[in-house]
Amino acid sequence: MSCVVGIDLGSTTTKAVILDENGNVLGRGITNSRSNYDLAAAVAKTEAVINAKFGLIAQQVAATETAEAVTSLRRAFVMEQLLHQLRRLESLLLEEVEKSAPSHLSAPFREAIEEICRRITAEEEAYFRQPPVLRSDFFRDAVGSAFMRIAEQIGDPTGVSFDRLVGVYDKCIIRVENEPMDLDFRDHIGHALTRVSNPRLADAVEFAVAYDLTPAATVGTGYGRARLPFPKEQIRSEILCHGLGAHAMFPATRTVLDIGGQDTKAIQVDPEGIVTGFQMNDRCAAGCGRYLGYIADEMNLGLHELGPLAELSKRTVKINSTCTVFAGAELRERLSLGEKREDILAGLHRAIVIRAMSLLARSGGVDDEFTFTGGVAKNPAAVRAIRELVQENYGKRTLNISAESIYTGALGAALFANRMVA
Amino acid sequence: MATRVDGGMGAPMARGAVVEWARDIYDDLDFTVVRQWLEEHPKSKAGGYLPVYAPREVLHATGFLPVGIHGGGDRLEIIRGDAFYQSYICHLPRSVIELAQSGRLDMLSAVLFPSTCDVIRNLSGIWKLLYPDVYVRYVDVPQIPDPGAAAEFWAGELRRLLDDLGDVTGHRPTDEELRRSIALYNETRKMIRTLYAARRERPWDVPTEELYLLLRAGESVAPEEFIARARQYLAAVAADPKRQRDNSRVVIVGAFCEQPPLGLIKSIERAGCYIVDDDFLLGNRFLTHDVPTDGDPVRALADAFIRNDMKSSVLYEIDPGGKRSLMANRVAAANADGIIFATPSFCDPALLDQPMLRNGAEKAGIPCIAFKYAENTGQFQQFREQAGTFADSIKLWGAA
Amino acid sequence: MSVALKDRSMVLQKEMIANHFERLARAPETGEPVVYTFVPGNLTELIRSFGALPVLPEINALQSGMRKLSGEYIAEAERAGHSEDVCTYVKCDIGMMRSGNIGPGGKKLPKPDLLLLSYTGCYTFMKWFELLREEYDCPTVMFHVPYQGDGKLEPEHREYMLRQLREQVIPALEKATGRKYDEEKLRHHLALSAIAEEDLVAVLQAGKKRPSPIDGYFGTVYYVGPIFSAFRGTQEGVDYYRALREEVEERAMLGLGPITPEGPLEGEKYRLVVEGPPNWTHFRDFWKMFADEKAVVVASTYTKVGGTYDFGFRHDPNDPLGTLADYCSGCYTNLNLPSRIDMICQYIKEYEADGFLINSVKSCNSFSAGQLMILREVEKRTGIPGAFIESDLVDPRYFSAANIKNRLESYFQMIDARRAGKTP
C-alpha cells in the first residue's frame, strides 16, 4: 500500500494532505507557516501522518469501541506533544536565564520559570480531564496565553518582573517553533495510551505504528512553494491545485473562488478539474482576507468574531472604500456618525465580496457548480454576501463550501502527486 | 433646508421645490425623466455624451434628447464595472459601465465619447464591443485654435455626426433646425453664465450644492425645461436673500470630468468656503460666447469652438504663458481668495496640469491646497478639515 | 558563426546609438538643430530632411529605467509636485532634466530647438510637451493625428494631417532650423525608410517559424530601437536592418531559437503573443521569467507603437507628406480597441501561439484602459485563456517579481494541464 503527500505552503498556514493509492484522504495536517518554510512543511506533514494514523486506529476499532475512546486517545496524544514541547521550552528558558539574567535575579528567575511551567502542566492535565472545548492546537496559541497570565500573577515588579518573563519567553518561543522536534506518532502514542488506560486500543495502536506512510511522491504548492526543498517537477501552482482540489471535493465544480489572507483567486475548471482560466487580485490588497484582518484590529475583535457579528445586522451600511488604507478611516467616520457596528460590518463584508465578484467576472463568470474555499469561506457573513451577489448576477447556482476547504490546495497537490505515481 | 431660515411663505418654498426637483433627478440612477421624455416624444431618441465637451446642438437637432453621463457617484455599488478596469484607473468609467451593464442606460440610442483623455477614448471602443446596436462615436476635437485646417476638420466631424445621428433617428435636420438648436443652447449657456454670475456675486444666496444639482438635472432634461427651472430658481433666490457670512472665496479646479460626490461640495462650503468659480460639469458652458445663428450653422459651431476662449486642462494650450497665467486670471475674474485643486484620483488631464497651474498660482501669491477624490468617496472628514484650515488661514492671511 | 553575426547587428546598433548621442552632445557647438518628438507618429524623415537631430523622450526614459536611474528621477519629479498617479515616463524625463539632463549616452542632452508634438494616440503627449515647454521655453508645434475611432483612416482626416504638415509643422521646422523645406531630401530619406522597413518585417515575421528564431517582445524591443527612434530613413538604419535580417534568417535556417540574456534559448515550449509595453526597471528579470520556462514571445503589439509595418505599410517616397500621414495614423497607439483585438487575434492565429499575455502598465492609460475588455474578447474569439499581469514602465516601486512570477508559473502550468487534457 503506497501513499502520496500534498503540501500547501500558504502565507499564514501550511497544510498537508496524505492520500492512499486510490486517491482517498488518509490524513490532514496544518501548522502556522513561521519564517521557516522547510520546518512548516515538515510539521504539517507530521501532523497529517498522525492524523492518518488515528484514522487507521479508528478504523481498526470501529466495531468494538466508541468514537469517544479514540478521541480521548487523540487528546492524550496532543497533550503529550504539548508537554514535550513545554519541557523543551522550559529548558530553553532556563538556559536563557542562565545566560542573560543579572546574577542577583538568577535564582528567583529560575524559580519563576519553573513555577510557570509547573502550573501550565497542571492546567493542561486538568484540561485533559475536562470535557473537550474548542481551542487552537498550535503550541504558541495554547501555551502563550497561559504563560502571560501566570507571569502576570507571579511577576514581581521589583525583581523578576512580568516584562522580564515575557522578554525571555519571546526569545525562546521562536526557537521552539523553529527547530525540528520529535513530535512523531511513535514517540508519544505510548504515553498517551498509558494515560487513557484503555488496553483494548493497544492492538490498533500497534497496527498504526507499524503502518508505513512513507510517501511514494510529494507535491508542493502555495504562495511559498518556490521555497520548498523540492525539485521543480514536484511543484505545482496553487491555481492548478485549487482547481483540482475543488474538483475532487465537489466533482461538478466549474468555478472556484478562493479568498485567502494575501490573495484572492477566481478559477474556472473543466469537468476533469483542469484549469481553463483564472484571475488573481491585482496589486491592490482590497478584497483579500487581510482586509478583514485590519477591520478586526480596528474594532478590537477577533477575526472569527466579525462574521457572526455582521450577521446580526438588519440594515447593511454601504461602504464605498474597499481600500485597506482607507477602510479604518471610513469605519471610524461611520461609527462617529452613530452607525451600528454590525451594520457597518455587514457593509464591509459585502464590499470585500464585491471585489471578489469582479475577479470572478474577469475570469469568465460564475458557472454551476460554484465552490468557495479559503479562510474567508468560514465566515458566515461573507458566505451570505457571496450567495446573494451570485444569485443577483448569475442566477441560481449551487454553492459548495467544504468544512475541509482550507485543505483544498494541499488536496490538489496530493492528487498531482498521485498522478506522478500512477 | 437653508430656505426655511427666513421663514418667507411663497418664494422660499419655490426655491426648495426647484432644488428638490433637481435632487430627485440627480439621485435617480434609472434616468426616469429621460425615459418619461422618450414616452412623451415617441419619434425622438436619447443620446448620451460623456465629459467634457460634446456638441449637444447636433444631438438636439437630429432629434435626440442629449443626456450627460457622469457615472453613478456614491449612490452606485460597483459590481460589474471593476471587472473592466484595473485599480489604477479613475472611478468614472467603471461607474459608467456599471450603469450600462445593469441596464440603466438602455434608453440611449447613441453615445458620444469626447476626446477628454485616453480612458474615455478607450471606453468608446469598449462600448462598440459591448453594445453593437448603439451608435458610438469618439469625438476628436481640434487641439489648436487654427481657423484653417483645424476649423475645417472640426466642421467635417460635425457634419459626419449630423449625418450619422440623423441616420439613427431618421431625421436629417435642415440648416434652420440646426440654427434653432444652436439658439436654444446659446440660451442654455447664457442661463448657466447668469447662474454662475449670481453665485459669484452673492455666494451666500446661491449655495454651490444647489447650483450643482440644478446643472446636473439640466443634463437629463430638455434645454427648455432647464431654462425654465433655472429662471424659477433665480427668481426665488432674489426673493429670499440670505445673510452673508465671513467665508473665504475659493475657486475649485480639476473637477471637470469625474464629478465629486455632493458630500464633498457640501463639506467645502460648510467648512467656511464660498465656492465662487469651479469647473464642475464644464462641458455645459465650454463655449463662452454665443454661436452665431446666421450663415452656415455647422461652420458657425466649428468656428465658435476654434475661437472659443475657454481655458481648461482638457485641450492643448498653445500659448506658452497660458498655463502660468490661467489661475491668476480665474481668481481675479471670480474675485477669489484662493484655489482648491480638487482632482479625481488617476485623472491624467487634471493631475498632469496641476504642477503648471499651481506653480503659476503660487508665483502670483495665491493660496492653494490640493486633494484627490473619487466620485464614490465616502468620507469627508479630511476634506472638511483641510478646507476649514484653508479658509481660516486665508482670513488670517488677509487680515495680516 | 552565428555568434559572430549576432555580434555584428548588436555592435552596429551600439555604434549608431553612441554616435547619435555624441552628435547630440556636441550639437550646441556644431549648431546642428535638435527636435524633440515622440516615438508613435515620429516624423524622423522630415526632421532629418531639415538636417535636424531627433530626441525621443520616451527612449530616454526607458533607458533611465534600464539603467536603474528612473526611481530617483521619478522621486525628484514627485517632490516638485507631480502626482504619483500619472505617467512615469513623464516624471522620469522631468526628473532627469532637473538632475542635469544627462542622457543615455552619459553625456548632457542638448536643449530642443523645437518640440514637435505629434499627438498620436497618447493624450499624455500633449501635457508632456506643455511641461517641457515650461522648462525649456522653446517653440512647440502641435501635429494632431486623428484617432482611428472607427477603425480606419478617413480621407478627410488624411487631408487634415496634410494641411497641418504644410501649414504648421513644416513652417515650424523651417523657422527652428533656418532651412527651407526640401522635398527631394525628404524623398531620399523615405526611400531609405522603406528599405529598412522591408527587412524589419522579415525579422518580425520570422516569429512564425517553429522554433521562432526571435523573441518577438523582449528581443524585438532591441530590434525596433533604431527604426522607432532616430534612424528611420538613414543609411545606418538600412545597414543595421540588413545585418539583422541576415542573422535572423540564418538562425531560422539552422533551426535555432532566440538569443536571450542567458544565452540561446533551446527547446521552445510555449509560444505567446504579448500586449502592452514591458517593464523597463526589471527588464532582464522579467525576460528571464519567460526564458526559464522556455516561453518565447512570437509576436507583440508594443513593438508596433512606432509603426505597423507587418500589416503592409511602407513609407512611400512618391507621396512624401501623404505617406507621413498614413504612417502616423496607423501606429498601434492610434488604433481603437476593436482594431487592437483583431490584431491580437490575427497574431495568435498566424504565429500559432498557444497563449497570450497582457502586461498592464500603470502609467499608460492609452494602452491599459480597456485591456480587461481585450482579454475577455480575445479569450472569447480564440478560445485561449489569457494571462494578466500588472507592472509599470519605469517605476521600480511597481514591479513585484514574486507576484508576477507566481502568475506566469500558474499560467504556463495551466497551458501544460490543458495540453495534457487534450491529448490523453
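Every chain is numbered from 1 and lettered A, B, ... according to where its sequence line falls, protein lines coming before strand lines. All figures in this text were calculated on a predicted structure; none of them were measured in a lab.
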> For Tyr136(C), is the NZ or CZ atom of Lys111(C) found under 6.0 angstrom from the centre of its six-membered ring and inside 45 degrees of the ring axis?
Replying inline: no
> Do you know which of Pro139(C), Pro338(C), Ala77(C) has the most heavy-atom pairs with chain B at a distance under 4.5 angstrom?
Replying inline: Pro338(C)
> Should Lys362(C) and Asp392(C) count as an ion pair when the cut-off is N to O under 4.0 Å?
Replying inline: no
>> Out of Ser368(C), Cys138(C), Gly151(C), return the one with the most heavy atom pairs under 4.5 angstrom to chain B.
In response: Ser368(C)
> Looking at Lys323(B), Arg137(B), Met356(B), which has the largest count of heavy-atom pairs under 4.5 Å with chain C?
Replying inline: Met356(B)
> Where does the angle between the aromatic ring planes of Tyr88(B) and Tyr398(C) fall among parallel (under 30°), tilted (30 to 60°) and perpendicular (over 60°)?
Replying inline: perpendicular
> With the threshold set at 4.0 Å, does a side-chain nitrogen-carboxylate oxygen contact exist between Arg358(B) and Glu362(B)?
Replying inline: yes
> Can you say whether His144(C) sits under 4.5 Å from chain B via the side chain, the backbone, both, or neither, judging by heavy atoms?
Replying inline: side chain
>> Heavy-atom cut-off 4.5 Å, strictly under: side chain, backbone, both or neither for Leu123(B) against chain C?
In response: neither
> When only pairs under 4.5 Å are counted, which of Arg340(C), Met161(C), His157(C) shares the most heavy-atom pairs with chain B?
Replying inline: His157(C)
>> Please identify, among Cys347(B), Ser345(B), Ser313(B), the residue contributing the most non-hydrogen atom pairs under 4.5 Å to chain C.
In response: Ser313(B)
> Between Asp146(B) and chain C, which part of the residue has a heavy atom less than 4.5 Å away: side chain, backbone, both or neither?
Replying inline: side chain
> Less than 4.0 Å between a side-chain N and a carboxylate O, is that true for Lys372(B) and Glu258(B)?
Replying inline: no
>> Heavy-atom cut-off 4.5 Å, strictly under: side chain, backbone, both or neither for Ile318(B) against chain C?
In response: backbone
> Is any side-chain N of the basic residue among Arg397(C) and Glu78(C) closer than 4.0 Å to the acidic one's carboxylate O?
Replying inline: yes
> Do Arg381(C) and Asp342(C) sit within salt-bridge range, that is, some charged N less than 4.0 Å from a carboxylate O?
Replying inline: yes
>> side chain to side chain contact (heavy atoms under 4.5 Å, CB included) for Tyr302(C) and Val274(C)? Distances and angles first, verdict last.
In response: CA-CA 8 Å; Tyr302(C) 172 70; Val274(C) 174; over 6 Å; no
> Given that the side chain runs from C-beta out, which part of Ala370(B) has a heavy atom under 4.5 Å from chain C: side chain, backbone, both or neither?
Replying inline: neither
>> If we define contacts as heavy-atom pairs under 4.5 Å, which of Pro93(B), Gly148(B), Ser115(B) has the most with chain C?
In response: Gly148(B)
> Based on non-hydrogen pairs under 4.5 Å, which of Met142(C), Glu84(C), Glu156(C) is most in contact with chain B?
Replying inline: Met142(C)
> Measuring heavy-atom distances to chain B, does Thr333(C) have an atom under 4.5 Å in its side chain, in its backbone, in both, or in neither?
Replying inline: backbone
>> Closer than 4.0 angstrom, basic N to acidic O: yes or no for Asp118(B) and Arg121(B)?
In response: yes
> Quick one: do Lys91(C) and Asp395(C) make a salt bridge, cutoff under 4.0 Å?
Replying inline: no
> Mind checking whether Tyr147(C) and Tyr138(B) have parallel, tilted or perpendicular rings, split at 30° and 60°?
Replying inline: perpendicular
> Is the closest basic N to carboxylate O distance between Asp348(B) and Lys127(C) below 4.0 Å?
Replying inline: no
> Which region of Pro142(B), side chain (C-beta onward) or backbone (N, CA, C, O), has a non-hydrogen atom less than 4.5 Å from a non-hydrogen atom of chain C, or is it both or neither?
Replying inline: both
>> For Lys128(B), is there an ion pair with Asp150(C) - N to carboxylate O distance below 4.0 angstrom?
In response: yes
>> What part of Leu117(C) gets within 4.5 angstrom of chain B, counting heavy atoms only: side chain, backbone, both, or neither?
In response: side chain
>> So for Glu317(B), is it side chain, backbone, both, or neither that comes closer than 4.5 Å to the heavy atoms of chain C?
In response: both
>> Which atoms of Thr116(B) are under 4.5 Å from chain C, going by heavy atoms: the side chain, the backbone, both sets, or neither?
In response: backbone
> Tell me, side chain or backbone of Glu159(C) under 4.5 Å from chain B's heavy atoms, or both, or neither?
Replying inline: neither
>> Is Ile341(C) close to chain B through its backbone or its side chain, or both, or neither, when contacts mean heavy atoms under 4.5 Å?
In response: side chain
> Given that the side chain runs from C-beta out, which part of Val139(B) has a heavy atom under 4.5 Å from chain C: side chain, backbone, both or neither?
Replying inline: neither
> Which of the residues Leu131(C), Val90(C), Asn336(C), Thr140(C) is involved in the greatest number of heavy-atom pairs with chain B at under 4.5 angstrom?
Replying inline: Leu131(C)
> When only pairs under 4.5 Å are counted, which of Ser124(B), Pro349(B), Ala150(B) shares the most heavy-atom pairs with chain C?
Replying inline: Pro349(B)
>> If I measure from the heavy atoms of chain B, does Phe388(C) come under 4.5 Å with its side chain, its backbone, both, or neither?
In response: side chain
> Is it the side chain or the backbone of Arg166(C) that comes within 4.5 Å of chain B heavy atoms, both, or neither?
Replying inline: neither
> Side chain, backbone, both or neither: which part of Glu130(C) has an atom under 4.5 Å from a heavy atom of chain B?
Replying inline: both
>> Is Asp319(B) in contact with chain C via its backbone, its side chain, both, or neither, using a 4.5 Å heavy-atom distance?
In response: backbone
>> Check for me whether Arg376(C) meets the cation-pi criterion with Phe84(B), that is, NZ or CZ under 6.0 Å from the six-membered ring centre and within 45 degrees of the ring axis.
In response: yes
> Does Arg159(B) come within less than 4.0 Å of Glu157(B), counting only side-chain N to carboxylate O?
Replying inline: no
> Taking the inter-plane angle between the rings of Tyr123(C) and Tyr119(C) on a 0 to 90° scale, is it parallel (under 30°), tilted (30 to 60°) or perpendicular (over 60°)?
Replying inline: perpendicular
> Contact part of Ile144(B) toward chain C, heavy-atom cut-off under 4.5 Å: side chain, backbone, both or neither?
Replying inline: side chain
>> As an exercise: rank Leu372(C), Leu337(C), Asp137(C), Val86(C) by heavy-atom pairs under 4.5 Å with chain B and give me the winner.
In response: Leu372(C)
